[in-house]
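Below is one structure, written out as structure tokens, with a few remarks after it.
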Amino acid sequence: MIKITFPDNNVREFPKGVNAIDIAKSLSNSLAKEITAIEVNGEIWDATRAINEDATIKLFKFQDEEGKDAFWHSSAHLMAETLEFFYPGVKLGIGPTIENGFYYDIDLPEGKSISDNDFPKIEKKMLELARQKNQFIRTEQTKAEALKYFTEKNDEYKLELISELEDGTITFYEQGNFTDLCRGPHIPNTGIIKAVKLLKIAGAYWRGDEKRKQLTRVYGISFPKQKMLEEYLNMLEEAKKRDHRKIGKEMELFTFSKSVGQGLPLWLPKGAMLRERLENFLKKIQREHGYEPVITPHIGQKELYVTSGHYAKYGEDSFQPIKTPNEGEEFLLKPMNCPHHCEIYKSKPHSYKDLPIRYAEFGTVYRYEQSGELHGLTRVRSFTQDDAHIFCRPDQLKEEFLKVIDIVLYIFKTLDFANFETQISLRDPDDHSKYIGSDENWKKAESAIINAVKEKGLNSVIEYGEAAFYGPKLDFMVKDAIGRKWQLGTIQVDYNLPERFELEYVGSDDKKHRPVMIHRAPFGSMERFVAVLIEHTAGKFPLWLTPEQAVILPISEKYNDYAKKVSNILNNYDIRSFVDDRNEKIGKKIRDNELKKIPYLLIVGEKEVDSETIAVRKQGHGDIGTMDIKEYADFIRLEIEKQLAN
RNA sequence: GCCGAUGUAGCUCAGUUGGUCAGAGCAGCUGAUUUGUAAUCAGCCGGUCGGCGGUUCGAAUCCGUCCAUCGGCUCCA
């Protein structure tokens, strides 16, 4: 007998050789059917793998991340089996799980191709094979055996992978007529895969190397229940409807022009108004938090970026220097605001008593992103960072971090991003060589971030090796209304630039010290933030932010004058309104303005004119009654105050 | 940048094998109607069919090339 410790620290005895399914069965039969994987002493195992020693375990179902991983990875094998059936001689690259589903990179035999039209038959065959309930059988292989198998199969991709593995660590998995090199784990058998959908096809280089052969990547997703697939497909539909590129066009927020250039957004009046309100919102918070506004030019001498080190790293692959009539004089479009802010810091000497100094600027920067990478407002070549740089003493780091976190949390709360998590990016613990700055400072900064996050009680994951070479950072990821994750704000510690720009302050010891710099952008960039906000709200912005808050709809032309009067009064109350005086029936005007997502439709006809009132209709809710104008203005003001309340 | 797909009016899209195929709806304009809570009717305007070049008697349609967009890859200070 062996001792099995459950997550709740319960310990029970099982016969040696027990597996996850057996353990689950001892709890409930229905649970046993749902188990896809198990954690055994910190390692993820197959649910059917025998446990021969005392162990601490955790059972996983599809709902768990680890359970999904096994499920989708197994589905990738099932897809590979099916592809071998339809395309004999196909060579297989890698087939991992991704955030939503899985893919397999394949090299089709000469002259063969695969397209969306082939998906239905592949899906059908996959389900047919799934229904055979073929077990996933794990076998350990010697390197020689493994090489022999794939040499006979003539799959150079697997051979390459195996050649890099250490002998004694190689395992194969077999299900039905298919055998693959695989670390695992896998689900017990194919039978629990009940729904399958192939999603798309794309080219991908073998091992991500553009000099190597391009393989065909087939993406798919699978579920243990048909209903889950339907829900997922609905979510994709919903995501399509919320696409900020589509809504941005419909609502006339922004556009692009081939003539201006790709990746260079043009903000239309309504978008510009929206953005301005977001900026003012943040400016007000920043004023309250002791930030000082600065303004810097869009270009700087090339030497500035040589000093910062960015020219060496990005110069060749970015916008090229601007030349002037003066021989040898070169300027760069600024790819970031930091060097300019460092120069502002240097414009006068600083005492330790002055710190922290916080310079804030909505600074527009230019980066030559690869053309294929541009995407709506989320990836552009010119964007405006809600940037600020905090210059502080090392002992102030944690305090400043806490304050920045406060700002970010206030923004999330006000804009209704209820779900978010943070990622703390630290040094690679095994290799400190690629990082600049003293060990002591890094330790201080890393613990400052960790403690700040802990103090605020934030949901966070720590990623080792993800820090920038110049310092650790904290990133904020929000989940939008339909569950998609977006990276927004970032707070980064920087030891590099203060060094390179030789920034100093005079300490209480009358000696010169180097300040620490914090880069922070709670929105990330205005472009990206507005894009995420559009997708989060589906264009139904909070009342305080939306470009047009109310539209006045006269029943007929006779009431246009009254409508204009109402609009003027509302505008005096700072409520953004306009009159829809088109010669259309009221039903048509309601429909059009509902579709335009205007939050309030104010209908005026004979009754309203006589009683000096308006009939209020809330977008998506219908008629909510008649009010006089002052009453309505107070009503709106209250709603806005509620939204902005801390 | 690479692979693949796409590009027809302001928007959404038709356009079979190259030959009255330059179309529809919405938007806009004009007129009629004067309307009470999700589409009133009629007329009109609007396109070098992404750009350039080629094949052909003839090209939105076939070929080449460039540009842009989309989906991926790679990248993201």
Side-chain angles (χ1 to χ4, degrees), chain A residues 98 103 105 113-116 199-219 240 243 245-246 249-250 252 255-263 305 308-315 317-318 334-339 365-376 378-381 383 385 387 468-471 473 487 490 492 494 496-497 519 521 524-525 528 553-560 581-596 601-608 615-626:
Chain A
I98 50 177
Y103 67 78
D105 282 348
S113 70
I114 180 169
S115 83
D116 304 14
L199 297 169
K200 59 199 161 205
I201 281 180
Y205 299 107
W206 172 234
R207 317 205 85 175
D209 183 346
E210 64 181 279
K211 292 186 186 65
R212 307 197 61 178
K213 180 154 184 182
Q214 184 142 29
L215 307 180
T216 305
R217 179 167 295 178
V218 185
Y219 287 86
K240 222 184 254 175
D243 192 318
R245 294 166 300 184
K246 181 172 172 279
K249 192 186 253 181
E250 284 166 3
E252 297 180 5
T255 189
F256 290 89
S257 149
K258 203 161 143 177
S259 304
V260 173
Q262 59 176 161
Y305 302 98
S308 74
H310 292 105
Y311 187 77
K313 194 152 188 222
Y314 296 100
D317 301 319
S318 198
K334 70 174 170 187
M336 75 257 305
N337 305 299
C338 341
V365 297
Y366 303 86
R367 298 178 185 178
Y368 190 77
E369 306 294 356
Q370 294 188 78
S371 64
E373 189 48 43
L374 300 171
H375 180 95
T378 57
R379 199 73 198 278
V380 286
R381 284 179 171 167
F383 58 96
Q385 295 177 312
D387 212 357
F469 73 93
Y470 50 78
K473 62 177 179 172
Q487 202 212 303
T490 179
Q492 309 188 356
D494 187 347
N496 180 40
L497 288 182
H519 309 250
S525 80
R528 191 177 167 77
L553 311 180
I555 298 273
S556 84
E557 279 176 11
K558 283 187 275 186
Y559 314 110
N560 280 357
D581 58 3
R582 290 173 306 160
N583 180 7
E584 294 289 351
K585 288 174 77 166
I586 193 67
K588 165 90 163 162
K589 289 192 198 180
I590 287 170
R591 178 182 156 78
D592 288 351
N593 288 291
E594 285 269 346
L595 290 176
K596 276 169 78 183
L601 313 188
L602 311 177
I603 292 147
V604 297
E606 192 177 355
K607 277 185 286 182
E608 288 75 20
V616 182
R617 193 188 152 102
K618 194 174 161 85
Q619 204 264 358
H621 290 81
D623 195 349
I624 61 168
T626 302

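Chain letters run A, B, ... following the sequence lines, proteins first, then strands; residues in each count from 1. Reckoned from all heavy atoms, side chains included, excluding hydrogens, waters and symmetry mates.
- Side chain of K589(A) to main chain of P554(A): a donor-acceptor pair is present (N/O by atom type, distance under 3.5 Å, no hydrogens or angles).
- Within 4.0 Å (heavy atoms only), A615(A) reaches at least one base atom of the nucleic acid.
- Contact detail for G376(A) and F256(A): the closest heavy-atom pair is O-CZ, 3.3 Å.
- Atom CG of D494(A) and atom C1' of A77(B) are 10 Å apart (whole Å).
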Look for any protein N or O under 3.5 Å of an N or O in nucleotides 2-5 of chain B and output each such pair with its distance, or none.
| residue | atom | partner | partner atom | Å |
| --- | --- | --- | --- | --- |
| C2(B) | O4' | Y205(A) | OH | 3.3 |
| C2(B) | O2' | Y205(A) | OH | 2.1 |
| C3(B) | O4' | Q214(A) | OE1 | 2.6 |

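- Comparing the C1' positions of A60(B) and G15(B) gives an interatomic distance of 9 Å, to the nearest angstrom.
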For nucleotides 26-29 of chain B, which of its nitrogen or oxygen atoms have a protein nitrogen or oxygen under 3.5 Å away, and what is each distance?
| residue | atom | partner | partner atom | Å |
| --- | --- | --- | --- | --- |
| A27(B) | OP1 | K588(A) | NZ | 2.6 |

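- Picking from A77(B), U37(B), G71(B) the nucleotide with the shortest atom distance to the side chain of R245(A) gives G71(B).
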Please write out each protein N/O paired with an N/O of nucleotides 7-10 of chain B under 3.5 Å, distance rounded to 0.1 Å.
none

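- Among the heavy atoms of the strands, none lies under 4.0 Å from F256(A).
- Shown here are the side chain to side chain donor-acceptor pair (under 3.5 Å) partners of R582(A), two or more places apart in sequence or in another chain: D580(A), D592(A).
- Of the possible donor and acceptor atoms, one in the side chain of R367(A) sits under 3.5 Å from a partner among the backbone N and O of P335(A).
- With sequence neighbours excluded, the residues forming a ring pair (Phe, Tyr, Trp, His ring centres under 6.0 Å) with Y366(A) are H298(A), listed by chain and number.
- With sequence neighbours excluded, the residues forming a side chain to side chain donor-acceptor pair (under 3.5 Å) with R617(A) are E594(A), listed by chain and number.
- K246(A) has its NZ atom 15 Å from the C1' atom of C70(B), to the nearest Å.
- The side chain of R591(A) approaches A39(B) more closely than any other nucleotide in the set G36(B), A77(B), A39(B).
- In this structure, K585(A) places its NZ atom 6 Å from C1' of U35(B), rounding to the nearest Å.
- The ring pair (Phe, Tyr, Trp, His ring centres under 6.0 Å) search around Y368(A) returns F319(A), not counting sequence neighbours.
- The P atoms of G46(B) and A38(B) are separated by 36 Å, rounded to the nearest whole Å.
- Contact annotation: the side chain of R245(A) approaches that of H375(A) to within less than 4.5 Å [non-hydrogen atoms, C-beta and beyond].
- Between C338(A) and L497(A), the shortest heavy-atom distance links the atoms CB-CD1, 3.5 Å.
- For the pair I590(A)/I603(A), a side-chain contact is recorded, criterion being any heavy-atom separation below 4.5 Å from C-beta on.
- You'll find that the side chain of Q262(A) is closest to U69(B), out of G36(B), U69(B), A77(B).
- Consecutive Watson-Crick or G-U pairs involving RNA chain B, each under 3.5 Å on both distances, make up stems of three or more pairs at B:1-7 with B:67-73, B:10-13 with B:23-26, B:28-32 with B:40-44, B:50-54 with B:62-66.
- Here the side chain of R381(A) pairs a donor or acceptor atom with the backbone of E369(A) at under 3.5 angstrom.
- The listed nucleotides are A77(B), U35(B), U12(B); the one nearest the side chain of K558(A) is U35(B).
- Annotation: ring pair (Phe, Tyr, Trp, His ring centres under 6.0 Å) contacts of F383(A) (sequence neighbours excluded): none.
- Between K249(A) atom NZ and A68(B) atom C1' the separation is 12 Å, expressed in whole Å.
- With RNA chain B read from its 5' end, the first of the two nearest nucleotides for V616(A) and R379(A) is the one closest to V616(A).
- U61(B) and A14(B) are spaced 14 Å apart, taking the C1' atom of each and rounding to whole Å.
- Residues satisfying the side chain to side chain donor-acceptor pair (under 3.5 Å) criterion with K473(A), sequence neighbours excluded, are absent altogether.
- For the pair Y559(A) OH and U34(B) P, the computed distance is 12 Å after rounding to whole Å.
- Scored by the ring pair (Phe, Tyr, Trp, His ring centres under 6.0 Å) test, Y205(A) finds no partners at all (sequence neighbours excluded).
- The listed nucleotides are A77(B), A38(B), U37(B); the one nearest the side chain of I603(A) is U37(B).
- For the P atoms, the distance from A42(B) to G1(B) is 50 Å, rounded to whole Å.
- Comparing G36(B), C70(B), C75(B) against the side chain of I555(A) picks out G36(B) as the nearest.
- The nearest whole Å value for the distance from the CD atom in Q487(A) to the C1' atom in C76(B) is 10 Å.
- Comparing G72(B), U34(B), C76(B) by their closest approach to the side chain of E557(A) singles out U34(B).
- Nearest nucleotide to the Y314(A) side chain, out of G71(B), C75(B), C76(B): C76(B).
- Contact record, M336(A) with Y305(A): O-OH, 4.2 Å, taken as the closest heavy-atom pair.
- In this model, a side-chain donor or acceptor of E608(A) finds a partner on the base of G36(B) within 3.5 Å.
- Rounded to whole Å, the separation between the C1' atoms of A27(B) and C13(B) comes to 14 Å.
- No side-chain heavy atom of S318(A) sits less than 4.5 Å from a side-chain heavy atom of K313(A).
- Annotation: U65(B) and C44(B) have their P atoms spaced 44 Å apart (nearest Å).
- Of the candidates A77(B), A68(B), U35(B), A77(B) carries the atom nearest the S318(A) side chain, counting heavy atoms from C-beta on.
- If you measure from atom CZ of R381(A) to atom P of A77(B), you get 17 Å, rounded to the nearest angstrom.
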Practice problem: Sugar-phosphate means primed atoms, P, OP1 and OP2; the rest is base. With that split, encode nucleotides 42-49 of chain B 5' to 3' as B, S or - using protein heavy atoms under 4.0 Å. | Solution: --------
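- Protein atom CD1 of I586(A) is 12 Å distant from nucleotide atom P of U35(B), rounded to whole Å.
- In terms of position on RNA chain B, the residue among D317(A) and L595(A) whose nearest nucleotide sits closer to the 5' end is L595(A).
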